[in-house]
There are 2 protein chains.
Amino acid sequence: MDSIILYQKIQAFYEDNKRMPSVREIRDRIIRTKSMRKTKELVDALVDEGVLRRDKKGKLTPTNLFTSVKKLGFVEAGFPSPAEEELLDTMTLDEWLIQRREATYMLEVKGQSMINAGIRPGDTALVERGKQPKHGDIVIACVDGKWTMKYYHILPGKKIVLVPANPKFPTIYPKEELRIEAIVTAIIRKY
Amino acid sequence: MDSIILYQKIQAFYEDNKRMPSVREIRDRIIRTKSMRKTKELVDALVDEGVLRRDKKGKLTPTNLFTSVKKLGFVEAGFPSPAEEELLDTMTLDEWLIQRREATYMLEVKGQSMINAGIRPGDTALVERGKQPKHGDIVIACVDGKWTMKYYHILPGKKIVLVPANPKFPTIYPKEELRIEAIVTAIIRKY
DNA sequence: ACTATATGGGAACAAACGTTCCCAAGTCAA
DNA sequence: TTGACTTGGGAACGTTTGTTCCCATATAGT
């Protein structure tokens, strides 16, 4: 069995079972041989290539390859040739976008108030709670009982205002209550 | 040990080791007791709650909780109270955004040609190769040797044109060569 | 003080694990 | 045919695994 195919089948096993197979599972369910020795030999080869990783206990562990997306440069540069493809950097969406998972939420955007920041109704905002906002951050705030998404601006004199990214909407000067509940860490638009 | 804390420590183990711990590892490195019986009892409780899952072989397996993000409604609805929080839907970024991982790439956007579609320079496009484009899709195309991101439009008579989302840019009427290399499945903007 | 009950420690077991070793079968050159 | 070498099957080893069981201790009730 070719080592690329072996890798693909191990990845399929990983996606199905949410864990890596044991050597015997690879032997019986993937390679379909009867040889432990040969199976370990093929697996060791993948480990040497860096496609798979092993624990201190010898257990197989997924590498980034299992969960990552290939990262190209710019649109204008287009796609690399198959030969160059192996040199590509990779990145997992989770590690890229999520810092503290337990404090991260998805919120759907409604309305046009941030349209000039490229945030449109239907977009999904990834927000993180319990983080100190800085000037210029986009925040989810509860002001006088209403929830909005706005730019967080600190005026001279440390006064806080919430600025929309749409001149048709008013800047908010909080009177009584202003709670910054979360700051927007990413905007995702799925087609 | 409280079961919520136990879950958090198991999740930390999972993020560190990219695999779930065994019962003995939980006993020695997480609960720090000497009792197998008590450890299994606590783990079984988490399995009953649906926080952990088990294989047919009894091996622990991560649930969606380990990799998912809580999904709220709309910005205007704000955050639920801690009591309501347990009812929230969850979703993993990978399963949401990626269909065929091996054909999915990240590309950085340069230029203003799609600005009116809310796609700005610096944004990251998630693109998928080998998929048939439909009218209205945003595609990565190689036309007459140059790479661009444009709307894919099918005119009456089945003629294909590439339309920018910015009136200052020209619509492209491919002369010789037009290769649709990928279609854009998501736009991600990280702050 | 004396039971009855609940709790946690830890030994024990069979299965599954990674790893190594030996040997039969195959391959190749001379 | 012979001998050197490679290959794959599979037994065997020690460890780790999930699971169960027994018993000493703690707790509570009378």
Side-chain angles (χ1 to χ4, degrees), chain A residues 1-68 90 92, chain B residues 1-68 90 92:
Chain A
M1 169 170 304
D2 187 17
S3 79
I4 293 179
I5 296 180
L6 175 56
Y7 157 68
Q8 287 171 350
K9 298 214 175 185
I10 291 177
Q11 182 169 40
F13 184 102
Y14 180 73
E15 297 225 339
D16 287 348
N17 300 82
K18 312 295 184 193
R19 65 170 177 85
M20 295 293 274
S22 68
V23 178
R24 278 171 182 79
E25 283 171 330
I26 294 175
R27 181 193 62 175
D28 296 338
R29 295 158 63 168
I30 298 181
I31 304 188
R32 294 194 142 72
T33 178
K34 293 174 183 173
S35 169
M36 288 278 1
R37 208 196 54 79
K38 186 60 180 171
T39 304
K40 180 164 163 51
E41 191 176 302
L42 289 170
V43 171
D44 283 347
L46 286 182
V47 171
D48 286 343
E49 292 173 30
V51 175
L52 304 179
R53 205 183 299 135
R54 254 198 248 275
D55 254 349
K56 279 149 286 181
K57 293 191 177 179
K59 294 183 183 307
L60 290 179
T61 274
T63 57
N64 263 2
L65 269 187
F66 282 70
T67 51
S68 64
T90 68
T92 79
Chain B
M1 170 170 300
D2 188 16
S3 79
I4 293 179
I5 295 179
L6 175 57
Y7 158 67
Q8 288 170 350
K9 299 213 173 185
I10 291 178
Q11 182 168 38
F13 184 103
Y14 181 73
E15 298 226 338
D16 287 348
N17 301 82
K18 311 294 184 194
R19 65 169 176 88
M20 294 293 273
S22 69
V23 179
R24 278 171 183 79
E25 284 170 329
I26 294 175
R27 182 191 64 175
D28 297 337
R29 296 159 62 168
I30 298 181
I31 304 189
R32 295 193 139 73
T33 178
K34 294 174 182 174
S35 169
M36 287 279 2
R37 209 196 54 80
K38 186 60 180 173
T39 304
K40 180 165 163 48
E41 191 176 302
L42 289 170
V43 171
D44 283 347
L46 286 183
V47 171
D48 287 343
E49 291 172 31
V51 175
L52 304 179
R53 204 184 300 133
R54 254 198 248 276
D55 254 349
K56 279 150 286 181
K57 292 190 178 180
K59 295 182 184 308
L60 290 180
T61 275
T63 58
N64 263 1
L65 272 185
F66 282 70
T67 50
S68 64
T90 68
T92 79

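The chains referred to below are lettered A, B, ... by the order of the sequence lines, with proteins before strands, and numbering in each begins at 1. Treat the numbers as computed from the prediction; the structure is a model and nothing was measured. Excluded from the calculations below are hydrogen atoms, water molecules and symmetry mates; all remaining heavy atoms, backbone and side chain alike, are included.
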**Asked** According to a strict under-4.0 Å criterion, is A/T33 in side-chain N/O contact with OP1 or OP2 of D/dG8?
**Response** no
**Message:** So, does A/S22 get its side chain near the phosphate of C/dA16, meaning an N or O under 4.0 Å from OP1 or OP2?
**Reply:** no
**Request:** Taking only Lys NZ, Arg NE, NH1 and NH2, and the carboxylate oxygens of Asp or Glu, determine whether B/D55 and A/R19 approach each other closer than 4.0 Å.
**Result:** yes
**Message:** On DNA chain C, compare the nucleotides closest to A/R37 and A/P21; which residue's is nearer the 5' end?
**Reply:** A/P21
**Message:** Using whole Å, what does the distance between atom P of nucleotide C/dT19 and atom NZ of A/K38 come to?
**Reply:** 17 Å
**Prompt:** In whole angstrom, what separates A/R19's CZ from D/dG18's P?
**Reply:** 11 Å
**Complete:** Result for 5'-nearest mapping on DNA chain D, choosing between B/M36 and A/E41, is A/E41
**Prompt:** Within the pair A/R27 and C/dA16, is there a side-chain N or O less than 4.0 Å away from OP1 or OP2?
**Reply:** no
**Prompt:** Should A/K57 be listed as having a side-chain N or O under 4.0 Å from OP1 or OP2 of D/dT17?
**Reply:** yes
**Prompt:** Who are the ring pair (Phe, Tyr, Trp, His ring centres under 6.0 Å) partners of B/F66, not counting sequence neighbours?
**Reply:** B/Y7, B/Y14
**Asked** Please give, in whole Å, the distance from C/dG9 C1' to B/R32 CZ?
**Response** 18 Å
**Message:** Looking at A/K34, I'd like to know whether one of its side-chain N or O atoms comes within less than 4.0 Å of OP1 or OP2 on D/dG9.
**Reply:** no
**Asked** For the side chain of B/R24 and the base of D/dG18, is some donor closer than 3.5 Å to an acceptor across the two?
**Response** yes
**Request:** Would you mind reading off the distance between B/D55 atom CG and D/dG18 atom P, rounded to a whole angstrom?
**Result:** 10 Å
**Prompt:** Could you give the CG-to-P distance, from A/D28 to C/dG18, as a whole number of Å?
**Reply:** 12 Å
**Message:** Rounded to whole Å, how long is the line connecting atom CE of A/M20 with atom P of C/dC17?
**Reply:** 14 Å
**Message:** Tell me if a side-chain donor or acceptor on B/R32 pairs with a main-chain N or O of B/R29 at a distance below 3.5 Å.
**Reply:** yes
**Side-chain donor/acceptor of A/S35 to base of D/dG8, under 3.5 Å** = no
**Request:** From the options B/D28, B/V23, B/I30, select the one residue that forms a side chain to side chain contact (heavy atoms under 4.5 Å, CB included) with B/I26.
**Result:** B/I30
**Asked** By salt bridge (charged side-chain N to carboxylate O under 4.0 Å, His left out), which residues pair with B/D44, not counting sequence neighbours?
**Response** B/K40, B/R54
